[in-house]
K.L.:
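First the structure, then my questions, so here it is.
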Amino acid sequence: MSLGVVKPETLHFAEPLSLQSGASIANYNLVVETYGKLNAKKDNAVLICHALNASHHVAGISADNPDSIGWWDNMVGPGKPVDTNKFFVIGVNNLGSCFGSTGPMSINPSTGKPYGASFPVVTVEDWVNAQARVADHFQIEKFAAVMGGSLGGMQAMAWSMMYPTRVANCIVVASTPKLSAQNIAFNEVARSAILSDPDFHGGDYYAHNVKPRRGLRVARMIGHITYLSDDDMAEKFGRELRRAEGASDEYNFSFDVEFEVESYLRYQGEKFADYFDANTYLLITRALDYFDPAKAYANNLSAAMKDVIAKFLVVSFTTDWRFAPDRSREIVKALLDNKLDVSYGEIDAPHGHDAFLLEDPRYHGLVRAYFEQIAMGVNP
Amino acid sequence: MRSDFAAIAKWIKPGAQVLDVGCGDGTLLNYLKESKAAHVYGVELADDKVLACAQKGLNIVQQNLEGGLALFEDNSFDTVILSQTLQTIHQTARILSEIARVGNECIVSFPNFGHWSHRASVALGRMPVSKSLPYQWYDTPNVRVLTIADFEALAPAVGLQLLDRVVLHDGQAVQFLPNLRGSLAIYRARRAG
């Protein structure tokens, strides 16, 4: 069942938040959506952390746009694996994003102009600190679970390390304890596309009433390739030519769209350029690059996780080559080294990294079973 | 409950850190968790069994055993159990040395192909189908068939020191001619040297 129509709520935070970079930000907003009811003991709260291009709109249908269904609607809702009949679920749009929370598009109260390039670089840890203030707002001392896929999984992990007593369970899906050189390289290609777009104007394109659309399009195209598996692309597009029904399948010998896969990528890029902010893309990919909790512990993730108390469910997908199963196993190993409770599912799904957003009975069954165990310890 | 479980449980100390390699649906782990307050983890490959373990609230790690136990550090468990799983693994020597590496002690159980009924069946020209070997030759998950004598010959060669042995048939201990009269063998062992 779906949650039906949902409405976001804007929370304002006047007090400055110190950032990892040394900068700080005050008077910022975070947009949240909540589903289900917080119980009297306030121990049934679940925080859902979003990845690169998602938002606080995790589930249900937006009040102001009936076409806008939450990005994890198949996972969160009444009777869904994360059951809103039992849990109070919070989705929060992270600082620096472009869906209502304060970010580069927002007006800097001290200048009266959009932050643009002056928006401070934020990290996964900064987001977690900001999310902790959201928890404080709802008077949630301890989350029953913090959950996320990909970059969202990094936030869940960071929660367990930064606020060990404030999270009972972490659900980390298709994630990694740090980006590889290859991952960073893909991010750099995407950023280069944006930075080299003449409409970028050093990040202050808002003043010029333009958007670096070309850069955003290419960034999304390259990103999208890394979300899908080779097999999945072969299955979806193969070498199909983009042709009208009954038209000749001869080549056109041009650089216009020839193959279906090109058409798909261009469509994805175009759609993305419509709704996403280029500065946010730079910020969030950088947050991905910087995440490396083991760095301060001589690259020893087990040592970085020494204070963790939370129980973990870690899930990976066999065809995910962006954050491959080996990366999830690193997380599992660090948890095992600390004798922490952990379950690990390695789902043999064909859809690459994107599988974490799709409905797969094995994947959803595992998450459901895990949340049923959590629910046994809390009263709705 | 499977007849080897009670015998295995006798060798588990209360509160022990226990890893069951090839744990199936987690019945043994659940029993050890409840009866011994053991801190339990399972390793299993099959999706439906992984789910069954998660539904019991057990720690379950999904992986193929043929690749060894790289996720687990040396001596990180009090006991590592390989219960009726040895015969399903191609990398026999490797998995035995791996469980001995990860556990301070390990427990290995397997169906005894040497039981007289199995021998009689083969002598009469057919592969045995019995309570301990319940599959037809064409649908069995077992890829290695072994006898008590076979295992005891292999153990020292892979660095296993056998500490204790229980042989069962129909749930009853077999003392006399175990390789002929026992259908299930259970060993307590540790890394030699």
Side-chain angles (χ1 to χ4, degrees), chain A residues 81 145 168-174 177 300-303 305 310-318 324-349 355 360-378, chain B residues 13 15-27 29-30 32-34 37-81 98-99 101-104:
Chain A
N169 293 276
C170 278
I171 296 85
V172 176
V173 185
N300 182 341
L301 186 63
S302 305
M305 291 190 132
K311 299 178 179 192
F312 271 71
L313 172 64
V314 180
V315 180
S316 75
F317 302 94
T318 49
D326 267 343
R327 319 312 308 282
S328 285
R329 285 191 213 113
E330 289 172 33
I331 302 166
V332 173
K333 177 154 196 321
L335 294 164
L336 287 169
D337 286 348
N338 284 293
K339 301 200 184 321
L340 291 161
D341 285 316
V342 52
S343 283
Y344 172 56
E346 197 170 290
I347 311 293
D348 188 11
D360 178 293
R362 294 160 296 178
Y363 162 39
H364 277 203
L366 202 53
V367 174
R368 180 184 292 278
Y370 194 81
F371 271 91
E372 278 168 359
Q373 291 294 320
I374 301 174
M376 283 164 70
V378 299
Chain B
K13 293 181 194 77
Q17 186 90 357
V18 176
L19 177 66
D20 186 356
V21 174
C23 65
D25 67 5
T27 305
L29 284 178
N30 211 28
L32 296 176
K33 187 176 164 183
E34 281 169 9
H39 189 209
V40 300
Y41 294 75
V43 173
E44 178 58 54
L45 179 62
D47 291 319
D48 56 334
K49 291 171 182 166
V50 169
L51 179 61
C53 290
Q55 285 166 337
K56 292 183 178 77
L58 301 168
N59 293 314
I60 177 72
V61 173
Q62 186 166 28
Q63 69 152 87
N64 192 330
L65 295 176
E66 300 287 359
L69 297 171
L71 286 172
F72 303 92
E73 285 291 328
D74 299 0
N75 302 312
S76 54
F77 285 82
D78 295 311
T79 305
V80 178
I81 300 168
E98 279 288 84
I99 62 169
R101 174 184 69 77
V102 172
N104 291 321

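Throughout, a chain's letter reflects where its sequence line sits, starting with A, and its residues are numbered from 1.
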K.L.:
If we only count heavy atoms from C-beta on, is the A/E346 to A/R329 side-chain gap below 4.5 Å?
P.N.:
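In contact.
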K.L.:
Backbone N or O of B/L69 within a donor-acceptor pair of the B/E98 side chain at under 3.5 Å?
P.N.:
yes
K.L.:
For B/L45, which atoms come within 4.5 Å of any heavy atom of chain A: side chain, backbone, both, or neither?
P.N.:
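Nothing of B/L45, per the 4.5 Å heavy-atom cut-off to chain A.
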K.L.:
Among A/V342, A/I374, A/I347, A/V314, which residue forms the greatest number of heavy-atom pairs with chain B at distances under 4.5 Å?
P.N.:
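The option with the most such pairs is A/V342.
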K.L.:
Pick whichever of A/D341, A/D348, A/L336 has the most heavy-atom pairs under 4.5 Å with chain B.
P.N.:
A/D341
K.L.:
Can B/Y41 and A/S343 be counted as having a side-chain donor-acceptor contact under 3.5 angstrom?
P.N.:
no
K.L.:
Examine whether an atom of A/K339 lies under 4.5 Å from a heavy atom of chain B, and if so say whether it belongs to the side chain, the backbone or both; otherwise answer neither.
P.N.:
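Both backbone and side chain.
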K.L.:
For A/K333, does the NZ atom have more than 12 heavy-atom neighbours from other residues, nucleotides or ligands under 6.0 Å away?
P.N.:
yes
K.L.:
Using heavy-atom distances under 4.5 Å, tell me whether A/L340 contacts chain B through its side chain, its backbone, both, or neither.
P.N.:
backbone
K.L.:
Identify which part of B/Q17 has an atom lying under 4.5 Å from any heavy atom of chain A, answering side chain, backbone, both or neither.
P.N.:
side chain
K.L.:
If you count every heavy atom of other residues, nucleotides or ligands that lies below 6.0 Å from B/K49 atom NZ, does the total exceed 12?
P.N.:
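No - once you tally the heavy atoms of other residues, nucleotides and ligands closer than 6.0 Å, there are 12 at most.
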